[in-house]
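Every chain is numbered from 1 and lettered A, B, ... according to where its sequence line falls, protein lines coming before strand lines. Bear in mind that the values here come from a model prediction, so they are computed numbers and not experimental data.
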Amino acid sequence: MKTLEKFDSLEIEERIIKWWETEKTYDLIKKAEPKAKNKKFFYLDGPPYTTGNVHLGTAWNKILKDMIIKYKRMRGFRVVDTPGYDTHGLPIEVLIEKKLGIKNKKEILDQNGIGIEKFIKECREFSLSQIEPMNEQFKRLGCNFWNWDNPYITLKNTYIQGVWWTIKKAWENGYLYQGFRPMNCCPRCGTALAKHEFEYYDIQDTAIFVKFRSVEDPKTFYVIWTTTPWTLVSNTNIMANPDIEYVKMRVKDETWIMGIASTADLLQNKLGLTLKAEDGFEYGERIPGSKLEGKKYIHPLADEIPYQAELEGEEPKVHSILMSREYVQESGGSGLVHSAPGHGPEDFEVGLANGIPIFSPVEMDGCYNSQAGKIFEGKYVHEVNREIMDMLIEKGTLIHEENIQHEYAHCWRCKTKLVYRATKQWFFKVTALRNEMLKANEEILWIPKRAGFTNFKSWLNSLQDWCISRQRLWGIPLSIWVCDDEDCGDIDVIGSMNELKEKAGECPEDLHIPVIDQVTWKCSKCNKGTMRRVPDLADVWLDSGSVMWASQQFVDGHEHYDTWEPADFILEGKDQIRGWFNSLLSSAMLSSKRKNYNACFMHGWVHSHGMKMSKSIGNAVLPEDLIEGKVEILTEKQKENMRKIATLASISKFDKTKKTDTKKKVRKAAKKKFIKDDKRWSNIKGIETFRFYCVGNVPPGRDFNFDYKEYTDTFKVLNTLWNTYLFAQEKMNLNKFDAKKHKFVYEELSLVDKWILSKTYSLIEELTKLYDVYELPSIPNRLQDYILNDLSRWYITIIRDRVDVNAEDEEKFTTLAVLRHILYKLCLMMAPLNPMISEEIYQKMFKDEMISKSKASIHLEKWPKVVKKYIDESIESQMHEARQIIDEVRSLKSENKIKLRWPTKSLSLLPTEESKELEFIDLIEDMCNVKEVLIVEEKPDKGKIIETELPLYKIYLDIKDSKKLQQERILADLLRTIQFLRKQNKLQTGEEINLKIASKHPFLLGTLKDTKIRIIEKVTANPMEITNLQIEKEDGWIFHDFHVCTNGKCFAMIREKAAKKIFEGIEGKCSYCSKSITQDTVGTIQIKFKRV
RNA sequence: GGGCGGUUAGCUUAGCCUGGUUGAGCGCGGCGCUGAUAACGCCGAGGCCGGGGGAUCGAAGCCCCCACUGCCCA
């Protein structure tokens, strides 16, 4: 058995990880897996994006998953441990665009551009190149023993085929359709976005009131309100609420029709008009909203947009008032809503119901096309607002403009303001499956419960059809081929590579664009046209949604399409409610009408020191910072500054209209201020502390606030654990403990040993339960409580003397056997959480001697079983009681300035009626350092009694002095002094010394002589000499003068500093008897020793 | 505009589901212990449990309203 050293987590981790690789531990684990069908645990990994870096959140996520994998494996399951990587999509396109210096899609597709082929190649190469480094980063986190060599990768053909299968099944089941509808589009990325791909930011915008002239009367106007003047170009209707009251306002010589609730605010507050004044306004006839239906108006820009007239010719309802109870509100605006069905989902819905043609003269790049008229053609919609407002002012129809702050959708990736425009897209009709999905949701075990019963449920309730098409370049091509003959237009959906080969006679090696688009075939329906693939790619969420069957080939090399089994467990962050949790379930329901995961753990975001993590704010923590001990320690002041910056940053980030100069200045100043302060770095290295910390400190579903202080506390837990092993090993070595020879019989154990066994097995029972219901965060908390309170602070303290080398009692081998046993169990319990530390301890302490059970790695071991007979609740509660008494007595002694190491005469306990019989009497005697413990029926009437009480006991401590106790007092202090000196001079435990002690004080000398044997034993002195002569100083010897107070018969030790002052002639005061001490009342023992 | 969290000591938080004298760690002040020792223990100060109302014998907890804060949806 090698000796364990000081706890160096970093060194251990690096060595163990290397060792696992040279020993091929993963192969051994795989070989040992059970084959039985019912022994499979299907964990399904949600794929991280291959952008190269593992952030703290990704690390947290993977560590939580890793724990479950390792636990389930210990429980004897064959765990599916295939990790995945998401390789497609916009983030990678954006990275490559940046790398190639491209600004948008056009530059790729242009004739002189870089070319689609090269672009795709770059994307592929980049994605693939990131996998290996990410694998290594995950392994470094302790997430080893996953199938890192064979992860599922979404760009592989087998995977793409899986996604095609989803599309095909959805088509067969009647859930795939093409639709024309307004979608939020990103003009920069040139694609439509699904609703989980945009983010709302507060922006400054202009809202305007415009009057639309009535057809019936040129002096009558309808007043509308809008925040998007550019959509007026596509206006086809006004919407009114039939239940709201409207009014004809007389304003100067005109009549304005608007919602009655809005009149005062607009006319008085905004326009500054006065009621009934000559130039003011007056209330006229009131009209119920329903009466406005069908009223016609003239489009305010009719002259500029000739196409508007064509629309009206197409459908007479164009430029008339439509009714909507849902989308027109009384408050805000004017009670009349401008409607452009091509640019808003509500407008679209109402327009569709009324047969209004969908007018959307805006291209994907955000610019108007020719239908918008010559003035607007080619102009970018977000830059045209001012121009339109000026035109309206010129026409005299702009009533009022004002600045407002509102939320507006932006692209989640490039933060560009989105444009609502109607486009042709492919949809999955998930709305038709809503009820079934809600039902399936009820059957999923959600951790926390609200993730499913509230969050996911409310998502499902507002579910809209899933737009699966994207107009991008790097992704899985939609496997939809359409006949190009206008009269035919037959649709064929391809579900596999074989099918494609059958239909087209060929299947390319690469299924991505542009290669795939060369695959065409003659339409079999019309026999005229050619089947060509639609140009769109699949939404990346469809990639990950199809993982169940798309990844099967990676999992076990077989296709499982229709025969897939649901995952037993998945775990991701709360953003996946609308992301992966949704796409998974949707894909499964669309293709197979059943759910594909049984349990789902949802975690939150990672914050740092109370703020969102951000590089620019300076509070970002990376996994490598943790490993290298480079986490910056922030003071409260620094945190305060950062909070200021964070607030300012969040305000100014998307607020381009406001001047940010002052904010910038404040930000700079604040930054400077905290950078000035000396940077302090943590000295905690390695990842194991983080593993323990990140799992334990966050309830499920909640955000994880990384806080340096908490992190440090956690280190102490692991350090204590390590010290415990160190202690155990040292004692076993010194005592020549032999695990094969020294065993314990439960029935013969002491109560204390029974107690720690009970505690240990209770913990096993508890952790097993927690793991089985995925209550992961409670696990480190329970372990911490056990390690610190039960094991280190209590059990080890109690048995310390008992297992001493010099202890004669043979029982110590039994105790060591128990200690070893519980530490072994603890090591196993720690293995899923801290795989590297537990491996180290296992290898050094348990492996060699456990021949029958010995395994090459702790990760081949089984999870400990609960042994019921070891769990004894009554012993646990008895110990609890005893511990309270001990704490109480100790504090009683402390209050009376009696040092714990000084023995006291007796302790009497008076039980109250509810007390049970008290066990652990010896323990109490020991821990309180009293000569005897008595259970009494009334308060003792003799001695010097001090008292206190607990709910179950009254406590009487007799502190009456005696010669023997005085001697004990001196001895305790003397021993402590010598031991302290030994340690100071770096003497090893057990190393013998040549000791000479002298005192001229008769009582002290007598004490030394009376206790000589005990001194020799305790400080391992050989030889030892006691004299009453002055001790001479000699080279190579260590000297010390030990002083006590001799007032009365106090004999309390005087501290070195105090003694020094006294010998300088300054009067001191005894800390025990409080009497004054001079040179004459000091008793001295001279000590001199050296190594033998 | 709607929904979901959070608000407990200077800081970080437990307790809430299932009502019955708020519990810890860090920090602070004091004391002590000690061959697990760059460790540990004890004592102390520090809480109108965000505010208001309600049902209850009784609320940090349950119900309603409000405030601040974060997130999600529109």
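Set against B/rG35, B/rA36, B/rC26, the side chain of A/Arg982 has B/rG35 as its closest nucleotide. With B/rC26, B/rG5, B/rC4 as the candidates, the nucleotide lying closest to the side chain of A/Asp713 is B/rC26.
Here the separation of B/rA39 from B/rA60, taken at their C1' atoms, is 36 Å to the nearest Å.
Among the protein residues, A/Arg450 comes within range of the sugar-phosphate backbone only, with heavy atoms under 4.0 Å from sugar or phosphate atoms but none that close to a base. Contact annotation for A/Thr720: base contact, defined as any heavy-atom pair under 4.0 Å involving a base atom. In this structure, A/Thr724 reaches the bases: a heavy-atom distance under 4.0 Å links it to at least one base atom across the strands shown. Nucleic acid contact for A/Pro699: sugar-phosphate only, since backbone atoms but no base atoms lie under 4.0 Å from a heavy atom of the residue.
The residue among A/Ser458 and A/Trp605 whose nearest nucleotide of RNA chain B is located toward the 5' end is A/Ser458. Between A/Asp703 and A/Trp794, it is A/Trp794 whose nearest contact on RNA chain B lies nearer the 5' terminus.
Considering only side-chain N and O atoms, A/Asn719 lies nowhere under 4.0 angstrom from the phosphate OP1 or OP2 of B/rA39. Between A/Arg793 and B/rG41, a side-chain N or O to OP1/OP2 separation shorter than 4.0 Å is present. Contact annotation: A/Arg800 side-chain N/O to B/rG35 OP1/OP2 distance is not under 4.0 Å.
Residues A/Trp902 and A/Asp973 have side chains that bring a donor and an acceptor to within less than 3.5 angstrom of each other.
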How is the base pairing of RNA chain B summarised as a dot-bracket string, given the Watson-Crick and G-U wobble criteria with both distances under 3.5 Å, [ ] for crossing and | for another strand?
(((((((..((((......[..)))).(((((.......))))).....(((((..]....)))))))))))).
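Taking the six-membered ring where tryptophan is involved, the planes of A/Tyr693 and A/Phe706 are perpendicular, since the angle between them exceeds 60° and thus also 30°.
Remark: the A/Ser792 side chain and the B/rA36 base include a donor-acceptor N/O pair separated by less than 3.5 Å.
Remark: A/Lys685 pairs with A/Leu10 by the side-chain contact (heavy atoms from CB on, under 4.5 Å) rule, at least two apart or across chains.
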Start with the C-alpha gap between A/Glu968 and A/Arg1014, add the side-chain angles, then the distance that decides, and say whether salt bridge (Lys or Arg N to Asp or Glu O under 4.0 Å) holds.
CA-CA 11 Å; A/Glu968 296 258 8; A/Arg1014 286 170 68 187; 3.3 Å; yes
Could you go step by step and tell me if A/Arg802 and A/Val752 meet the side chain to side chain contact (heavy atoms under 4.5 Å, CB included) rule?
CA-CA 12 Å; A/Arg802 217 199 286 172; A/Val752 173; 3.8 Å; yes
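Figure legend: cation-pi geometry between A/Lys417 and A/Tyr408, with NZ or CZ positioned under 6.0 Å from the six-membered ring centre and within 45° of its axis.
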